[in-house]
Number of protein chains: 2
Amino acid sequence: MSLECCAPIAREPLSESDAAELAALLKAVADPVRLRLLSIIGSHAGGEACVCDLTGSFDLTAPTISHHLKILRTAGLIDGERRGTWVYYRIIPETVNKLGALFAPMAEPARADLGLAPA
Amino acid sequence: MSLECCAPIAREPLSESDAAELAALLKAVADPVRLRLLSIIGSHAGGEACVCDLTGSFDLTAPTISHHLKILRTAGLIDGERRGTWVYYRIIPETVNKLGALFAPMAEPARADLGLAPA
DNA sequence: TAGCTACTTCGATGAACCTCTAAGCAGTGG
DNA sequence: CCACTGCTTAGAGGTTCATCGAAGTAGCTA
(Lines give C-alpha, C1' and ligand atoms only; values in the text may rest on other atoms or scores of the structure.)
Protein backbone atom coordinates (compact mmCIF):
# COMPACT_ATOMS: atom_id res chain seq x y z
CA MET A 1 0.00 0.00 0.00
CA SER A 2 1.56 3.26 -1.06
CA LEU A 3 1.81 6.25 1.19
CA GLU A 4 -1.15 7.88 -0.48
CA CYS A 5 -3.09 4.68 -0.68
CA CYS A 6 -6.64 5.46 -1.53
CA ALA A 7 -9.14 8.06 -2.36
CA PRO A 8 -11.35 9.21 0.49
CA ILE A 9 -13.78 6.55 1.56
CA ALA A 10 -16.79 8.02 -0.22
CA ARG A 11 -15.03 8.96 -3.43
CA GLU A 12 -14.78 5.61 -5.16
CA PRO A 13 -15.21 1.95 -4.26
CA LEU A 14 -12.21 0.47 -2.48
CA SER A 15 -10.53 -2.54 -4.00
CA GLU A 16 -10.66 -5.74 -2.04
CA SER A 17 -6.94 -5.61 -1.24
CA ASP A 18 -6.91 -1.93 -0.27
CA ALA A 19 -9.88 -2.58 2.00
CA ALA A 20 -8.06 -5.47 3.63
CA GLU A 21 -4.94 -3.43 4.30
CA LEU A 22 -6.83 -0.44 5.62
CA ALA A 23 -8.99 -2.65 7.79
CA ALA A 24 -5.88 -4.15 9.36
CA LEU A 25 -4.58 -0.67 10.09
CA LEU A 26 -7.91 0.43 11.52
CA LYS A 27 -8.18 -2.66 13.68
CA ALA A 28 -4.92 -1.62 15.30
CA VAL A 29 -6.42 1.69 16.42
CA ALA A 30 -9.93 0.37 17.13
CA ASP A 31 -9.25 -0.21 20.80
CA PRO A 32 -9.59 2.30 23.63
CA VAL A 33 -6.27 1.34 25.19
CA ARG A 34 -4.32 1.62 21.95
CA LEU A 35 -6.05 4.88 21.10
CA ARG A 36 -4.96 6.34 24.41
CA LEU A 37 -1.47 4.91 24.02
CA LEU A 38 -1.15 6.66 20.68
CA SER A 39 -2.41 9.94 22.07
CA ILE A 40 -0.15 9.78 25.10
CA ILE A 41 2.91 8.94 23.03
CA GLY A 42 2.11 11.56 20.41
CA SER A 43 1.50 14.35 22.88
CA HIS A 44 4.39 13.49 25.18
CA ALA A 45 7.25 15.92 25.48
CA GLY A 46 9.88 15.12 22.90
CA GLY A 47 7.44 13.25 20.70
CA GLU A 48 8.32 10.02 22.44
CA ALA A 49 7.51 8.20 25.65
CA CYS A 50 9.07 5.28 27.44
CA VAL A 51 6.92 2.36 28.50
CA CYS A 52 7.27 3.43 32.10
CA ASP A 53 5.45 6.66 31.19
CA LEU A 54 2.55 4.63 29.81
CA THR A 55 1.79 1.88 32.29
CA GLY A 56 0.82 4.35 34.98
CA SER A 57 -2.14 5.61 32.94
CA PHE A 58 -3.85 2.23 32.82
CA ASP A 59 -5.25 -0.37 35.18
CA LEU A 60 -3.49 -3.04 33.18
CA THR A 61 -0.46 -5.22 33.73
CA ALA A 62 2.82 -4.52 31.97
CA PRO A 63 2.50 -7.52 29.62
CA THR A 64 -0.87 -6.24 28.43
CA ILE A 65 0.55 -2.80 27.65
CA SER A 66 3.44 -4.47 25.88
CA HIS A 67 0.97 -6.51 23.85
CA HIS A 68 -0.88 -3.39 22.69
CA LEU A 69 2.37 -1.62 21.85
CA LYS A 70 3.39 -4.56 19.73
CA ILE A 71 0.14 -4.40 17.77
CA LEU A 72 0.66 -0.69 17.14
CA ARG A 73 4.25 -1.32 16.10
CA THR A 74 3.32 -4.20 13.81
CA ALA A 75 0.75 -1.97 12.14
CA GLY A 76 3.42 0.63 11.49
CA LEU A 77 1.82 3.25 13.70
CA ILE A 78 4.67 3.55 16.18
CA ASP A 79 8.34 2.74 16.35
CA GLY A 80 10.30 1.66 19.42
CA GLU A 81 13.92 2.08 20.35
CA ARG A 82 15.86 0.87 23.36
CA ARG A 83 18.21 3.36 25.01
CA GLY A 84 19.91 1.88 28.02
CA THR A 85 17.39 0.51 30.44
CA TRP A 86 14.32 2.06 28.84
CA VAL A 87 12.44 1.60 25.59
CA TYR A 88 11.08 4.70 23.90
CA TYR A 89 8.16 4.77 21.48
CA ARG A 90 7.39 7.37 18.86
CA ILE A 91 4.50 7.87 16.45
CA ILE A 92 5.09 7.30 12.73
CA PRO A 93 3.17 10.25 11.26
CA GLU A 94 2.97 8.91 7.71
CA THR A 95 0.79 6.01 8.81
CA VAL A 96 -1.51 8.23 10.83
CA ASN A 97 -1.84 10.53 7.85
CA LYS A 98 -2.98 7.61 5.74
CA LEU A 99 -6.01 7.28 7.99
CA GLY A 100 -6.62 11.00 7.86
CA ALA A 101 -6.68 10.86 4.08
CA LEU A 102 -9.15 8.01 4.07
CA PHE A 103 -11.65 9.98 6.14
CA ALA A 104 -10.91 13.30 4.52
CA PRO A 105 -13.74 15.76 5.05
CA MET A 106 -16.82 15.04 2.99
CA ALA A 107 -19.08 17.73 1.64
CA GLU A 108 -22.16 17.65 3.81
CA PRO A 109 -24.92 17.01 1.27
CA ALA A 110 -22.70 15.23 -1.28
CA ARG A 111 -25.43 15.60 -3.81
CA ALA A 112 -24.17 18.51 -5.84
CA ASP A 113 -22.01 16.01 -7.73
CA LEU A 114 -25.04 14.72 -9.51
CA GLY A 115 -26.34 17.82 -11.12
CA LEU A 116 -29.47 17.19 -9.13
CA ALA A 117 -29.72 20.67 -7.81
CA PRO A 118 -27.67 23.72 -8.62
CA ALA A 119 -29.46 25.60 -5.87
CA MET B 1 -19.56 12.83 22.09
CA SER B 2 -19.95 16.14 20.35
CA LEU B 3 -19.57 16.58 16.63
CA GLU B 4 -16.09 17.92 17.05
CA CYS B 5 -15.17 15.41 19.68
CA CYS B 6 -11.47 15.47 20.19
CA ALA B 7 -8.24 17.00 19.27
CA PRO B 8 -6.17 15.11 16.73
CA ILE B 9 -4.78 11.89 18.14
CA ALA B 10 -1.28 13.21 18.74
CA ARG B 11 -2.22 16.60 20.13
CA GLU B 12 -3.25 15.70 23.65
CA PRO B 13 -4.05 12.56 25.64
CA LEU B 14 -7.54 11.23 25.06
CA SER B 15 -9.83 10.84 28.02
CA GLU B 16 -10.90 7.34 28.88
CA SER B 17 -14.48 7.97 27.78
CA ASP B 18 -13.55 9.70 24.54
CA ALA B 19 -11.22 6.83 23.74
CA ALA B 20 -14.00 4.33 24.38
CA GLU B 21 -16.44 6.14 22.11
CA LEU B 22 -13.93 6.61 19.34
CA ALA B 23 -12.82 3.00 19.59
CA ALA B 24 -16.42 1.87 19.13
CA LEU B 25 -16.71 4.02 16.04
CA LEU B 26 -13.40 2.75 14.69
CA LYS B 27 -14.35 -0.85 15.35
CA ALA B 28 -17.31 -0.34 13.05
CA VAL B 29 -15.05 0.60 10.14
CA ALA B 30 -12.21 -1.79 11.01
CA ASP B 31 -13.48 -4.52 8.73
CA PRO B 32 -12.75 -4.95 5.03
CA VAL B 33 -16.37 -5.71 4.18
CA ARG B 34 -17.72 -2.69 6.01
CA LEU B 35 -15.02 -0.47 4.56
CA ARG B 36 -16.03 -1.51 1.07
CA LEU B 37 -19.71 -1.16 1.90
CA LEU B 38 -19.08 2.42 2.98
CA SER B 39 -17.09 3.24 -0.13
CA ILE B 40 -19.65 1.67 -2.45
CA ILE B 41 -22.56 3.47 -0.79
CA GLY B 42 -20.71 6.77 -0.68
CA SER B 43 -19.60 6.70 -4.27
CA HIS B 44 -22.86 5.39 -5.66
CA ALA B 45 -24.91 7.62 -7.93
CA GLY B 46 -27.31 9.69 -5.88
CA GLY B 47 -25.28 9.24 -2.71
CA GLU B 48 -27.27 6.18 -1.81
CA ALA B 49 -27.42 2.52 -2.71
CA CYS B 50 -29.99 -0.18 -2.13
CA VAL B 51 -28.95 -3.46 -0.56
CA CYS B 52 -29.39 -5.17 -3.91
CA ASP B 53 -26.60 -2.95 -5.26
CA LEU B 54 -24.30 -4.18 -2.50
CA THR B 55 -24.70 -7.92 -2.24
CA GLY B 56 -23.36 -8.46 -5.75
CA SER B 57 -19.95 -7.11 -4.81
CA PHE B 58 -19.30 -9.73 -2.13
CA ASP B 59 -19.04 -13.49 -1.82
CA LEU B 60 -21.22 -13.32 1.24
CA THR B 61 -24.78 -14.26 2.00
CA ALA B 62 -27.50 -11.64 2.38
CA PRO B 63 -27.76 -12.10 6.16
CA THR B 64 -24.07 -11.34 6.50
CA ILE B 65 -24.34 -8.14 4.47
CA SER B 66 -27.37 -7.17 6.53
CA HIS B 67 -25.38 -7.80 9.68
CA HIS B 68 -22.58 -5.48 8.55
CA LEU B 69 -25.04 -2.78 7.49
CA LYS B 70 -26.62 -2.92 10.92
CA ILE B 71 -23.24 -2.39 12.58
CA LEU B 72 -22.56 0.63 10.38
CA ARG B 73 -26.03 1.99 11.09
CA THR B 74 -25.73 1.45 14.83
CA ALA B 75 -22.42 3.30 14.78
CA GLY B 76 -24.09 6.27 13.09
CA LEU B 77 -22.07 5.95 9.90
CA ILE B 78 -24.98 5.24 7.58
CA ASP B 79 -28.73 5.68 7.56
CA GLY B 80 -31.27 3.40 5.91
CA GLU B 81 -34.69 4.11 4.50
CA ARG B 82 -37.24 1.79 2.97
CA ARG B 83 -38.92 2.96 -0.21
CA GLY B 84 -41.34 0.41 -1.53
CA THR B 85 -39.64 -2.90 -1.96
CA TRP B 86 -36.11 -1.72 -1.52
CA VAL B 87 -34.07 -0.33 1.34
CA TYR B 88 -31.64 2.48 0.54
CA TYR B 89 -28.57 3.36 2.56
CA ARG B 90 -26.74 6.66 2.68
CA ILE B 91 -23.57 7.83 4.40
CA ILE B 92 -23.83 10.23 7.34
CA PRO B 93 -20.94 12.62 6.58
CA GLU B 94 -20.73 14.14 10.05
CA THR B 95 -19.67 10.85 11.57
CA VAL B 96 -17.07 10.21 8.89
CA ASN B 97 -15.71 13.69 9.42
CA LYS B 98 -15.24 12.92 13.08
CA LEU B 99 -12.75 10.24 12.13
CA GLY B 100 -11.04 12.56 9.69
CA ALA B 101 -10.55 15.09 12.46
CA LEU B 102 -9.05 12.49 14.77
CA PHE B 103 -6.37 11.60 12.24
CA ALA B 104 -5.86 15.12 11.00
CA PRO B 105 -2.52 15.52 9.24
CA MET B 106 0.46 15.55 11.58
CA ALA B 107 3.54 17.57 10.95
CA GLU B 108 6.21 15.12 9.87
CA PRO B 109 9.00 15.66 12.42
CA ALA B 110 6.81 16.95 15.25
CA ARG B 111 9.88 17.96 17.16
CA ALA B 112 9.98 21.67 16.52
CA ASP B 113 7.42 22.01 19.31
CA LEU B 114 10.06 21.41 21.91
CA GLY B 115 12.61 23.99 21.12
CA LEU B 116 15.03 21.10 21.29
CA ALA B 117 16.99 22.02 18.26
CA PRO B 118 16.54 24.26 15.31
CA ALA B 119 19.51 22.40 13.92
C1' DT C 1 -55.87 -14.74 -0.26
C1' DA C 2 -51.77 -16.67 -2.04
C1' DG C 3 -47.31 -16.31 -3.84
C1' DC C 4 -43.19 -13.92 -4.82
C1' DT C 5 -39.11 -10.88 -3.90
C1' DA C 6 -36.24 -7.95 -0.72
C1' DC C 7 -34.34 -7.68 3.46
C1' DT C 8 -33.81 -8.64 8.53
C1' DT C 9 -33.60 -11.37 12.79
C1' DC C 10 -32.35 -15.67 15.26
C1' DG C 11 -29.28 -19.33 16.82
C1' DA C 12 -25.12 -21.79 16.32
C1' DT C 13 -20.17 -22.50 15.23
C1' DG C 14 -15.36 -21.55 14.76
C1' DA C 15 -11.87 -17.96 14.71
C1' DA C 16 -9.85 -13.83 16.67
C1' DC C 17 -9.03 -11.05 20.61
C1' DC C 18 -8.01 -8.98 25.44
C1' DT C 19 -6.31 -10.04 29.67
C1' DC C 20 -3.83 -12.43 33.00
C1' DT C 21 0.22 -15.25 35.30
C1' DA C 22 4.64 -17.26 34.67
C1' DA C 23 8.85 -17.19 32.57
C1' DG C 24 12.56 -15.13 29.62
C1' DC C 25 15.83 -11.42 27.97
C1' DA C 26 18.48 -6.97 28.44
C1' DG C 27 20.86 -3.62 31.07
C1' DT C 28 22.52 -1.61 35.68
C1' DG C 29 24.91 -1.87 39.92
C1' DG C 30 26.71 -3.92 44.04
C1' DC D 1 28.73 -13.20 39.69
C1' DC D 2 24.44 -12.19 41.67
C1' DA D 3 20.48 -9.46 42.39
C1' DC D 4 17.37 -6.06 40.76
C1' DT D 5 14.56 -3.29 37.42
C1' DG D 6 12.40 -2.68 32.74
C1' DC D 7 10.25 -4.78 29.21
C1' DT D 8 8.86 -8.74 26.16
C1' DT D 9 7.38 -13.48 25.05
C1' DA D 10 4.63 -17.73 25.93
C1' DG D 11 0.50 -20.02 27.15
C1' DA D 12 -4.27 -20.19 29.07
C1' DG D 13 -9.04 -18.59 29.95
C1' DG D 14 -13.09 -16.06 28.95
C1' DT D 15 -15.30 -12.91 25.69
C1' DT D 16 -16.33 -10.91 21.31
C1' DC D 17 -16.97 -11.33 16.41
C1' DA D 18 -17.84 -12.91 11.39
C1' DT D 19 -20.33 -16.09 9.02
C1' DC D 20 -23.85 -19.22 7.85
C1' DG D 21 -28.66 -21.64 7.38
C1' DA D 22 -33.34 -21.24 8.82
C1' DA D 23 -37.07 -18.59 9.84
C1' DG D 24 -39.47 -14.11 10.10
C1' DT D 25 -41.27 -9.42 8.32
C1' DA D 26 -42.48 -6.02 4.66
C1' DG D 27 -44.20 -4.85 0.24
C1' DC D 28 -45.74 -5.92 -4.51
C1' DT D 29 -48.90 -8.37 -7.75
C1' DA D 30 -52.21 -11.28 -9.29
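Keep in mind that the numbers below use all heavy atoms, side chains included, and drop hydrogens, waters and symmetry copies. Letters A, B, ... mirror the listed sequences (proteins, then strands); counts begin at 1.
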Return the nearest nucleotide to the side chain of [X]; candidates are [options].
X	options	result
Arg34(A)	dT9(D), dC18(C), dT9(C)	dC18(C)
Cys50(B)	dC7(D), dT21(C), dC7(C)	dC7(C)
Pro63(B)	dC20(D), dT8(D), dG6(D)	dC20(D)
Val33(B)	dT8(D), dT19(D), dT19(C)	dT19(D)
Trp86(A)	dT8(D), dG21(D), dG6(D)	dG6(D)

How would you label the contact of [X] with the nucleic acid (heavy atoms, under 4.0 Å): base, sugar-phosphate, or nothing?
X	value
Ile71(B)	sugar-phosphate
His67(A)	base
Tyr89(B)	sugar-phosphate
Thr64(A)	base
Ile65(A)	nothing

Should [X] be listed as having a side-chain N or O under 4.0 Å from OP1 or OP2 of [N]?
X	N	answer
Lys70(B)	dT8(C)	no
His68(A)	dC17(C)	no
Lys27(A)	dC17(D)	no
Thr85(B)	dG27(D)	no
Ser66(A)	dC7(D)	no

**Asked** Of the options Ile41(B), Asp53(B), Ile40(B), Asp79(B), which is the one that meets Tyr89(B) in a side-chain contact (heavy atoms from CB on, under 4.5 Å)?
**Response** Ile41(B)
**Prompt:** What closest approach, in Å, do Thr95(A) and Gly76(A) show between heavy atoms, and which atom pair accounts for it?
**Reply:** OG1-O, 2.6 Å
**Fill in**
Closest heavy-atom pair, Ala19(B) versus Leu35(A), reported as atoms and distance to 0.1 Å, is O-CD2, 3.7 Å
**Prompt:** Within 45° of the ring axis of Tyr88(B) and under 6.0 Å from its six-membered ring centre, is that where the NZ or CZ of Arg82(B) lies?
**Reply:** no
**Prompt:** Do Lys98(B) and Glu21(B) sit within salt-bridge range, that is, some charged N less than 4.0 Å from a carboxylate O?
**Reply:** no
**Item:** Which residue lies more 5' along DNA chain C, comparing Gly84(A) with Asp59(A) via nearest heavy atoms
**Value:** Asp59(A)
